[in-house]
Every structure is written in C-alpha cells, then in structure tokens.
K.L.:
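Here it is, the structure in full.
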Amino acid sequence: MTGVLDLVRNELRDFAGYASARRTAATGSVWLNANESPWCGSFDGGQGLNRYPDPQPETLRKALAALYGTTPGQVLIGRGSDEAIDLLVRALCRPGRDAVLVTPPVFGMYAVSARLQGVPLIEAPLRDGPEGFHSDVEALIALARSHAARLVFLCSPANPTGQAMLLEEIAAIADALHGEAVVVVDEAYGEYSDQPSAVGLMPGRDNLAVLRTLSKAHALAAARIGCLLAAPELIHVLRCCQAPYPLPAPCVELALSALSLPALAITRERVALVRSERERMRVALSACTVVRRVYASQGNFLLLRFTDADIAFRQLLAAGVVVRDMRAHPQLGDALRISIGSPEENDRVLGALSSTRVAA
Ligand SMILES: *Cc1c(COP(=O)(O)O)cnc(C)c1O
C-alpha cells in the first residue's frame, strides 16, 4: 500500500530540518538558548518581540482547523499560501525530473515555484466553452501520467477565469493519480463560491491537499498568513523544510483577531455584499457595448473580453481605476480581470466603461 510519503523526495523523507532553539526548548524561566536580547525594545508595547516566535502556534492552528473543518495536525501555516506552494514543489519534485502540472490560464505562482526548483512544467490548458472555462479531466489525468507529474495544481474557484471545479471531478483526478501525484486544490477564493470546499474529499485520500488563505475574504493580505491542509505525515515533512520561524508574532495576533467570532461575522456580511455586487457588475458590464463577454465567476473578480481591451484599459486608468491586464496570458489576448470593489468603486468602473462606449 503506497502512502503520500512515497511521493516525497527520497532524500527528504527522514530530513529533520533546522533544529531551532524554539523547537528544542524545554521548560524554564531563564531563556539563554537563542542569543536573543533579554530586554524588550523601547517600542515593544508589551508584545515581547525580543523572543523568537512560535514556529506553528497551536492556538492559530486550532482556529484554522476549526474554520476549515480539519484536525490541527492537518494544518501547515505559512507566509501566505504562496509559501505552501513553494514548499510542496521543493519537497515533492526532484529538479529536472518530477513535473508540476498546471491548468493555464491560471495563477502564476505554481509556474514560478516550478521554475525556481528546476522542474518540468506540464500544461493541461483549460477549454473555453459556452459555459466558460473548464478542465478536460480525462486529458488532464492522461497528461499527468504520461509526464510523471508529481504535483497537480487545481485552482477552484480559478484565478483569473472564475469557474469552480465540481467535487466529483476533483475526486476523480485525485483517485486516478493516487500513488503517483499529490493533487492540490487552491481555494484562495473559496469563501465567495457556491461550491463546497474540497476538504470534504480529504478523508481516505491522502494525496489530496487544499490551500486556503487569509489574504482575500479575511482582509489580511499584508499579514501574509495562508495554510495548507493535507495528510498529517505530509504536513510533518513540509514543516521540516520550512524556514525556522516563518510566522512573525504580530501577524499571528492579527490572524487570531481575524478569526474571532465578531470578525468572522463581519467577513460573512462582506462576502455576501461582494457576491451581490459581482452579480450586479456581471449584468451591468454585459450590457456595455465595448464588452464582448463577461465570464460567470465564483471569485471576487470578473474576467471580461473586450472589443478593444487596450482602449478599455486606458480608459479605466484615465478614470483612476487600475485593473489587471490579462492580455499576455494564453487564450486571453483581449481580456482584463476586474476585482469586485466597494459599491462606489464598482460604479467608477461602470462610469469609465460607459464613457468608453461614447468615445467609441
Ligand atoms: C491571491 C491568491 C493566493 C493567495 O496567496 P497568499 O500568498 O496566501 O496571499 C493563492 N492562490 C491564488 C489562486 C490566488 O489568486
């Protein structure tokens, strides 16, 4: 019976990582084992920032596990989910050999991490159809097999295309590639989606992992807190590959505040507002003559095709509105991605694009 540890790079299976003072600490009241300053800084404000932080604070692990429906042992907290992506590639893929599979057009960090590790990048392009972009599941599985992909990144809801994958499709991919690849579902926009989380598929599938982040719906992009949810044995290996003190103590405090009940209640209200604004914008933008197509979205953004994306981009900039130019991405030569802002910000977008209509 193969387990997920068989997919970890051989030379890392019994790698213990850096033995930091914090990890080897016993109990005591005089701490002279880490060459820290014995005094707090004059600016410290009672935070005790002279001491190195806990590498994986149990309170935050528990709070994230409760939020996402896992056990604390299935949680690895990192500096954004970007760090988890990089750790996965480094721990699973041998340079020049084990491939990473992605589904372009898609979020660029998977390819960046693959490039940095020197591993082959396999592309299973999304197909654009009347219902929007989607993965060809059979073709994806065949490609992963024929190129010996060790890691498959699925983005759901997908950035920048907006669609969510069906859970049946995710399960089929993970099951088909069991023993061959770890399948990672990036749910950075999960809060905005109608689709339930793939975490529910994890029991019995040790090669299925999920990425979540506090950077989007939880309004904490600057604190850099994200996590990987995966089998405890994989979490343990990745912990050993991670930097010794990855989580700044003030950021951990901010994350705990964001996960307090009152903060979560506000987040839920704001997610509901973004979802209703997303629908308002989809309808209004579809009626703009310069817009050729608005893709349905399960995220907090819309992907649009324009009759002339260059004019639209410049018109938005002239109105002070900065959107994401997607034209360099495959299949998106006429597309821009627009985040859903506050209702007032969204009105600015509509105002700028209706003056495009007059100018055109
Ligand atoms: C924004 C985003 C992330 C978030 O990355 P963090 O490092 O957690 O800020 C991850 N994946 C996708 C697809 C994203 O769009």
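Atoms within each ligand, like the ligands themselves, are counted from 1 in listed order.
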K.L.:
Aromatic rings Y189 and Y192: how do their planes relate, parallel, tilted or perpendicular, breaks at 30° and 60°?
P.N.:
tilted
K.L.:
Give the residue, atom name and distance (to 0.1 Å) of the protein heavy atom nearest atom 3 (C) of ligand 1.
P.N.:
K216 NZ, 3.3 Å
K.L.:
What is the closest protein heavy atom to atom 5 (O) of ligand 1, and at what distance does it sit?
P.N.:
S81 OG, 3.3 Å
K.L.:
Looking only at protein heavy atoms, which one is nearest to atom 15 (O) of ligand 1, and how far off is it?
P.N.:
Y189 OH, 2.6 Å
K.L.:
Look at atom OH of Y52 and say whether more than 12 heavy atoms of other residues, nucleotides or ligands are closer to it than 6.0 Å.
P.N.:
no
K.L.:
For ligand 1, is A221 a contact, meaning one of its heavy atoms is under 4.0 Å away?
P.N.:
no
K.L.:
Need the ligand 1 atom indices (1-based, order shown) with element for anything under 4.0 Å from a heavy-atom of C155.
P.N.:
13 (C)
K.L.:
Counting only N and O atoms by type, is there a donor-acceptor contact under 3.5 Å from the side chain of N207 to the main-chain atoms of A174?
P.N.:
yes
K.L.:
Determine whether the side chain, the backbone, both or neither of E83 has a heavy atom under 4.0 Å from any heavy atom of ligand 1.
P.N.:
neither
K.L.:
Under 4.5 Å between any side-chain heavy atoms of L238 and L228, yes or no?
P.N.:
yes
K.L.:
Are side-chain heavy atoms of D347 and R280 found at a separation under 4.5 Å?
P.N.:
yes
K.L.:
Going by the order shown, which atoms of ligand 1 are within less than 4.0 Å of some heavy atom of A188?
P.N.:
2 (C), 3 (C), 10 (C), 11 (N), 12 (C), 14 (C)
K.L.:
Do any N or O atoms from the side chain of S156 and from the backbone of A158 form a donor-acceptor pair under 3.5 angstrom?
P.N.:
no
K.L.:
Give the atom numbers and elements of ligand 1 that come within less than 4.0 Å of a heavy atom of F107.
P.N.:
2 (C), 3 (C), 10 (C), 11 (N), 12 (C), 13 (C), 14 (C), 15 (O)
K.L.:
Should you measure from each heavy atom of S215, which atoms of ligand 1 turn up under 4.0 Å away?
P.N.:
6 (P), 8 (O), 9 (O)
K.L.:
With a heavy-atom distance limit of 4.0 Å, tell me whether N159 approaches ligand 1 through its side chain, its backbone, both, or neither.
P.N.:
side chain
K.L.:
Any idea which protein heavy atom is nearest atom 12 (C) of ligand 1, and the distance to it?
P.N.:
D186 OD2, 3.4 Å
K.L.:
Report, as yes or no, whether the 6.0 Å neighbourhood of atom CZ on R51 holds more than 12 heavy atoms from other residues, nucleotides or ligands.
P.N.:
yes
K.L.:
Students should be able to answer this: which protein heavy-atom is nearest to atom 7 (O) of ligand 1, and at what distance?
P.N.:
R224 NH2, 2.7 Å
K.L.:
Of the options R327, R292, R293, which is the one that meets D334 in a side chain to side chain donor-acceptor pair (under 3.5 Å)?
P.N.:
R292
